[in-house]
Protein chains: 2
Amino acid sequence: MMMAQESIRVLVVEDHHVVRQGLVALLNVVDGIEVVGEAADGVEAITQFRKHQPHVTLIDLRMPRLSGVDVIQRIRMETPQARFIVLTTYDGDEDIYRALQAGARAYLLKGMTTDELIATIRAVHAGKSHIPPAVAQRLAERMGTEELTPREFDVLEQIVRGKSNKEIATELEISEATVKTHINSLLGKLGVTDRTQATTAAIQRGIVPLESLRKPKP
Amino acid sequence: MMMAQESIRVLVVEDHHVVRQGLVALLNVVDGIEVVGEAADGVEAITQFRKHQPHVTLIDLRMPRLSGVDVIQRIRMETPQARFIVLTTYDGDEDIYRALQAGARAYLLKGMTTDELIATIRAVHAGKSHIPPAVAQRLAERMGTEELTPREFDVLEQIVRGKSNKEIATELEISEATVKTHINSLLGKLGVTDRTQATTAAIQRGIVPLESLRKPKP
DNA sequence: AAGCTTCTCCACCGAACGATGGAGGCCAGG
DNA sequence: CCTGGCCTCCATCGTTCGGTGGAGAAGCTT
């Protein structure tokens with residue numbers, strides 16, 4: 001079988017077996033694209049990247065062991081020209097922001113069509129960026145948003161866990177007055193007026209991931 | 001190519017292109033399983049079911065036009081012996097409960113392995129049910145839980161949207177006193193002590209889906 | 001050294017919230 | 001018919017929250 005010039009070498013990083021196999025199956029029948037490796041978690045991703053030096057890496061953000069954002073950061077330290085396309089199920093994800101900052105070139109929802117996927121891979125390989133208008137808008141909004149300080153983040157996390165100010169004070173070993181100060185500040189930064197709105201905002205934007213709420217935190 | 005006896009006829013209903021194609025690709029190479037149809041939303045699912053009368057239907061719960069639960073209910077009205085395997089990304093989903101009540105026989109996370117998938121299809125086709133221990137436990141917990149009344153649900157939804165009691169009263173055209181009554185009641189049923197905890201509980205259990213929070217509601 | 005941010009804490013206030021114990025009307029199921 | 005669930009409303013009470021305007025200490029940058 002003839003190869004058209006040089007194929008685009010692609011690495012697929014995705015922990016959901018079915019999705020990963022679907023991607024590989026789809027891409028391998030496309031002319032000019034070659035899947036050179038697969039990984040099911042972050043650590044594996046780095047190993048595979050070093051081994052295969054792909055042109056483009058399709059990568060899920062939520063993964064075991066090492067998150068997508070971490071993977072992008074680490075790989076770009078040693079290989080700055082590496083190109084990443086971020087895959088996500090949900091589009092309200094705070095991590096997208098970090099991923100794009102970390103150097104991802106494009107962003108795709110898993111509900112994309114095959115054509116979109118292929119077009120994006122080609123575009124990114126050609127050096128372009130590709131961010132859907134909806135995401136671009138969210139990004140712009142996020143840019144204008146002040147970032148929470150570490151302590152404010154701690155307090156927000158406790159709020160989402162349903163703790164009262166007094167409980168938060170105990171948990172963080174600070175006075176209730178200080179808790180209120182942080183809350184006042186973070187409410188402003190999130191653009192909301194009370195702790196309930198802060199909670200939905202935090203979850204919607206992925207600032208506090210839902211999964212983190214199960215473990216009581218040791 | 002020889003077929004082993006009769007193949008299990010499978011319908012795949014899933015709106016994410018990549019996932020759907022992945023499933024189809026995986027299943028079609030398995031001996032004894034034949035994908036007879038695909039659907040990308042609920043309405044299509046019903047059409048395809050009528051046309052192909054599959055033995056087993058793999059179905060995602062979150063879909064455009066008609067939800068997975070609705071599809072299961074409608075199809076079982078006309079074809080009670082129809083067998084369903086529910087697919088979901090997230091395992092804290094309230095809909096699983098309804099889906100199993102509606103007659104689904106099994107439940108799989110999208111992170112499953114190929115072997116699990118195939119084994120489950122065979123088991124369900126053979127008339128067995130297949131529910132992972134973790135889900136069974138959650139189900140049991142849910143069973144003991146009192147259900148919210150329609151009105152309590154309305155109030156909860158407004159709470160999650162960040163509305164104050166006064167705003168909820170206006171929105172639902174009832175007095176603030178009544179809002180408080182409902183809140184008191186729903187807090188008890190959810191097993192929480194304040195509106196913030198109610199919010200995370202509602203989102204975690206999927207009682208109020210995150211997607212529903214964007215649209216202001218007409 | 002001066003300036004910045006962050007974290008810590010204080011006092012005070014009004015508004016919102018949650019808990020409690022009632023009460024009347026409506027409608028479906030026994 | 002009448003019991004039970006649901007929805008509606010009332011008053012009261014103590015607690016929690018959020019807003020405001022401070023202030024000192026530590027750390028980083030310039």
**Report entry** Exam field: side chain B:E116 to backbone B:T113, donor-acceptor pair closer than 3.5 Å
**Finding:**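 Side chain of B:E116 to backbone of B:T113: a pair is present.
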Which whole-number value in Å describes the distance from [X] [atom1] to [N] [atom2]?
{"X": "B:E147", "N": "D:dC6", "atom1": "CD", "atom2": "P", "value": "10 Å"}
{"X": "A:L172", "N": "C:dC7", "atom1": "CG", "atom2": "C1'", "value": "12 Å"}
{"X": "A:E173", "N": "C:dC7", "atom1": "CD", "atom2": "C1'", "value": "15 Å"}
{"X": "A:I159", "N": "C:dC17", "atom1": "CD1", "atom2": "C1'", "value": "16 Å"}
{"X": "B:I168", "N": "C:dA16", "atom1": "CD1", "atom2": "P", "value": "13 Å"}
{"X": "A:E176", "N": "D:dT15", "atom1": "CD", "atom2": "P", "value": "13 Å"}
{"X": "A:I174", "N": "C:dT6", "atom1": "CD1", "atom2": "C1'", "value": "12 Å"}
{"X": "B:K166", "N": "C:dG18", "atom1": "NZ", "atom2": "P", "value": "15 Å"}

Requested in this report: Decide yes or no on side chain to side chain contact (heavy atoms under 4.5 Å, CB included) for B:R161 and A:T200, but give the supporting numbers first.
Outcome: CA-CA 7 Å; B:R161 284 171 191 267; A:T200 50; over 6 Å; no
Please write out each protein N/O paired with an N/O of nucleotides 18-24 of chain D under 3.5 Å, distance rounded to 0.1 Å.
from	atom 1	to	atom 2	distance (Å)
D:dG18	OP1	A:R195	N	2.8
D:dG18	OP2	A:R195	NE	3.2
D:dG18	O6	A:K180	NZ	2.8
D:dG19	OP2	A:N184	OD1	3.3
D:dG19	N7	A:N184	ND2	3.3

Report task. Mind checking the CG-CD spacing from B:D194 to B:Q197? Nearest 0.5 Å is all I need. Result ->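 The distance works out to 4.5 Å.
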Query raised in the report: Could you give the distance from CG (A:L117) to CE (A:M112), rounded to the nearest 0.5 Å?
Result: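 One finds 4.5 Å between CG of A:L117 and CE of A:M112.
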Query raised in the report: Is the number of heavy atoms from other residues, nucleotides or ligands under 6.0 Å of B:R74 CZ greater than 12?
Result: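 For B:R74, atom CZ is not crowded (no more than 12 foreign heavy atoms under 6.0 Å).
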Query raised in the report: What nucleotide among D:dC6, C:dC17, C:dT8 has an atom nearest to a side-chain atom of A:H182?
Result: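 So the nucleotide nearest the side chain must be C:dT8.
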Query raised in the report: What nucleic acid atoms does A:T149 come within less than 4.0 Å of, heavy atoms only: base, sugar-phosphate, or nothing?
Result: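 Counting heavy atoms under 4.0 Å across all strands, the contact made by A:T149 is with sugar-phosphate only.
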Report task. Give a yes/no answer on whether the side chain of B:T178 brings an N or O atom under 4.0 Å of OP1 or OP2 in D:dC9. Result ->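 Yes, within the criterion.
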Requested in this report: Indicate whether OP1 or OP2 belonging to C:dT8 is found under 4.0 Å from a side-chain N or O atom of A:S175.
Outcome: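 No, no such contact exists.
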Query raised in the report: Among B:E14, B:E38, B:E44, which residue meets the salt bridge (Lys or Arg N to Asp or Glu O under 4.0 Å) test with B:R20?
Result: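 The salt bridge (Lys or Arg N to Asp or Glu O under 4.0 Å) with B:R20 is passed solely by B:E38 among B:E14, B:E38, B:E44.
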Query raised in the report: Any side-chain donor-acceptor pair under 3.5 Å between B:T178 and B:T181?
Result: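 No - no donor-acceptor pair under 3.5 Å links their side chains.
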